Q: 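Mind having a look at this structure? Questions to follow.
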Amino acid sequence: MATVSTLGFPRIGAKRELKRAVEAYWQGRDTAQALAETARDLRQRHWRLQREAGVAVPPSNDFSLYDQVLDAAFCVDAVPARYRALADADPLAGYFALARGHQRDGLDLHALEMTKWFDTNYHYLVPELQAGQTFALRDDKPVREYLEAKAGGIETRPVLIGPVTLLWLSKTVDGSDRFDLLDALLPVYVELLGRLAEAGAAWVQIDEPALVLDLDDRVRDAYRRAYAALAGAPRPKLLLATYFGALGDNLALAQSLPVDGLHVDLVRAPEQLDDVLASLPEGRVFSAGLIDGRNIWRTHPDTALVVAKYARDAIGDERLQLAPSCSLLHVPVDLLHEKALDDELRGWLSFAKQKVEELRLIADALADEKAAEAGLAEVRGQVDSRRRSARVNRPEVAARVAALDAGAARRPTPWSRRQALQQETLGLPVFPTTTIGSFPQTLDVREARARFKSGKLAEAEYDAFIAAQTEACVRAQEAIGLDVLVHGEFERNDMVEYFGEQLDGFAFTKNGWVQSYGSRCVKPPIVYGDVARPAPMTVRWSQYAQSLTPRPMKGMLTGPVTILQWSFVRDDQARAQTCRQIAFALRDEVTDLEAAGIRIIQIDEPALREGLPLRRADWQTYLDWAVESFRISASGVRDDTQIHTHMCYSEFNDIIEAVADMDADAISIETSRSRMELLDAFVKFKYPNGIGPGVYDIHSPRVPGEDEIAELLDKARAVIPAHQLWVNPDCGLKTRAWPETRAALKAMVSAARKLRAQAAPADAA
Ligand code: GLN
Ligand code: ZN
């Protein structure tokens, strides 16, 4: 019989129990002991839940107090020197110091860098390595958790991050090649696998998602050497797990490695099935990733069953495992907690627990289709109702997108001419100053919103409160002397949710939490249907704010790519299509803002870069539709209406031409943390429009000095012509407090004024 397995289960808990426990420990409200107990309870609960739902051997060591990559680094003693004394004295404190930094008792340790786990919205900690370092088995967590489950009568399959993927995810701090460390690292894996075998583990899942990336020969060679070394010693059987894409040109390499099983992602890359089956070595187990581990839709049982049967006919029952495409870390725990969703919509969804049940049903049907028919029919009915639903399909939306003429999604007049026309109405000085949108979301703002949402504050009172905040913010900006103002975004909780709540085709969960990093969780909106905008979303507050001041007030919108990236999106149409629909809804908002007298409109796209596909060969297609979507939203305006955009990351050298192709009149970007290193890109590539490299880092309460800002502006001026240069912070100010915000912006305004005074008259023309 084919078995059902999972590659990992969400660890945060259906009600974010782990978040609460970890934070209570950090704040000293609870002991390490209490945290350990909550963690153990969650592990036990999730093992039992998976067993009951039909997984014979659930995974272990998929649990983590913070991050699985940090766990792996800690396990092999990849602990940089600055943390060692603390980690030796108090391992738990040392572990969290790596994750979050540590400022206490005279110590000031900064945390490891954090970055995105492949193309997901999960963030991992980047292990820091250096040439010549050693490794050792510092922590036997994988063995402990295996034995913990076993003591409770549950046989598990421990999960390890494979040695090559671990190195791939790491960075060296001395510029050396991290793959040179492979030989030093491998003995620790050999020892760990030996310990797991001794403890009784029959199988280990060894995660090597790096196998779906573009790899060079050095990394391919590392794979061969690593797995040859692991094959020589006593160890459990190895299931090599790949996910997030096709093995592609690494398929032969993966099949050549001496392992006992292979997992592939058949949701992201169903097309690889035939090649994988055909090249599967004799006797090797095949784990078919049939159900989407990254999205929340119920899979059509007939589709999954066809694939499962096909695989079974090729390799037989005994070697086949049915699994989600990847770890279920990326979906919420249990749909049962979503009582507020209507039945129809709930019938379309599947969270982690339901996904296991879906796989169970497929496995049962594979064994005896007649006996499983009633179950299949029920799910079939639900999934089919989604296909037919009038809530999902709105012909007028599809028709509008279909009617799109690519040429229409461009502003007809070139930037230089537009800039002149905009200058006539705006009359801004050279080096105009502005901010990114939000101003401090102080406790009283958050409290007022919470009271309004829970019905304790009447709408009229809440509105009056927001109006007062907005007015105070406008006055503060005038006093600081900023040139282009913003309304402050006090009415917004989150830059995607605020729009999703006002658009058709979006649904929201109560407990649909997904771990973003450490104890931070997000609740992504669900885009289930064709997107439309029933009414203006932001016009009222923008118009109100503009009525308070003669200075230009920027309208503030979240862009289509960012709304798409930070939501669970439809799997029944291409992402590009959903993105275009969102873009059209925003286009209407943009033109409504213009009609309401707003002369500058900013469309934020902080998530544009993170949408880049894992393989370079797929980049251009993505960039084409992503940039086009932005232009759809931005190009409905007159020449003299100014469009801004904002992105908050500094690595965009790779995509700078696509960014220029968005053709925003001005873009604000992050640069200050890297001391304007980003500007190197502008030496080679002449960015054509207005650009505001962030002049100070808003992630820290530190107030920058005027001279320091002036110095950064000088650097910027060296590569960006004066008439293109804007002056602004790195990102929105919502996480800051007012005193430092005022002080920092004053310094920024004076630096800009100084620069203006020095500027040659020709610059000002
Ligand atoms: N306008 C948003 C703000 O200022 C932009 C946030 C972001 O870039 N993530 O908060
Ligand atoms: Zn930002």
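Keep in mind the model is a prediction, meaning the values are calculated, not measured. All ligand and atom numbering here is 1-based and tracks the order in the structure.
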Q: State whether the shortest distance between N or O atoms of Ile436 and N or O atoms of ligand 1 falls below 3.5 angstrom.
A: yes

Q: Do Trp26 and Phe96 have ring centres separated by under 6.0 Å?
A: yes

Q: Arg609 vs Asp654, test: salt bridge (charged side-chain N to carboxylate O under 4.0 Å, His left out). Steps then yes/no.
A: CA-CA 9 Å; Arg609 189 184 195 286; Asp654 284 340; 3.0 Å; yes

Q: I'd like to check which ligand 1 atoms, numbered from 1 as shown, lie under 4.0 Å from a non-hydrogen atom of Cys731.
A: 7 (C), 8 (O)

Q: Considering distance alone, does some N or O of Asp604 sit under 3.5 Å from an N or O of ligand 1?
A: yes

Q: Within 45 degrees of the ring normal and closer than 6.0 Å to the centroid, is that where the cationic atom of Arg294 sits relative to Phe244?
A: yes

Q: Given the side-chain rings of Phe439 and Trp738, with only the six-membered ring counted for Trp, is the space between their centroids under 6.0 Å?
A: yes

Q: Quick one: does ligand 1 sit under 4.0 Å from the side chain of Ser438, the backbone, both or neither, non-hydrogen atoms only?
A: both

Q: Of all the atoms in ligand 1, which lie at a distance below 4.0 Å from a heavy atom belonging to Gly732?
A: 3 (C), 4 (O), 10 (O)

Q: Taking distance alone, with no angle check, do His646 and ligand 1 share an N/O pair under 3.5 Å?
A: yes

Q: Kindly compute the distance separating CH2 (Trp415) from CG (Asp665), expressed to the nearest 0.5 Å.
A: 8.0 Å

Q: Should Cys521 and Arg16 count as side-chain neighbours, where that means a heavy-atom distance under 4.5 Å?
A: yes

Q: Checking contacts here: is it the side chain or the backbone of Met495 that comes within 4.0 Å of ligand 1, counting heavy atoms only? Could be both or neither.
A: side chain

Q: Which of the numbered atoms in ligand 1 are below 4.0 angstrom from a heavy atom of Cys648?
A: 7 (C), 8 (O), 9 (N)

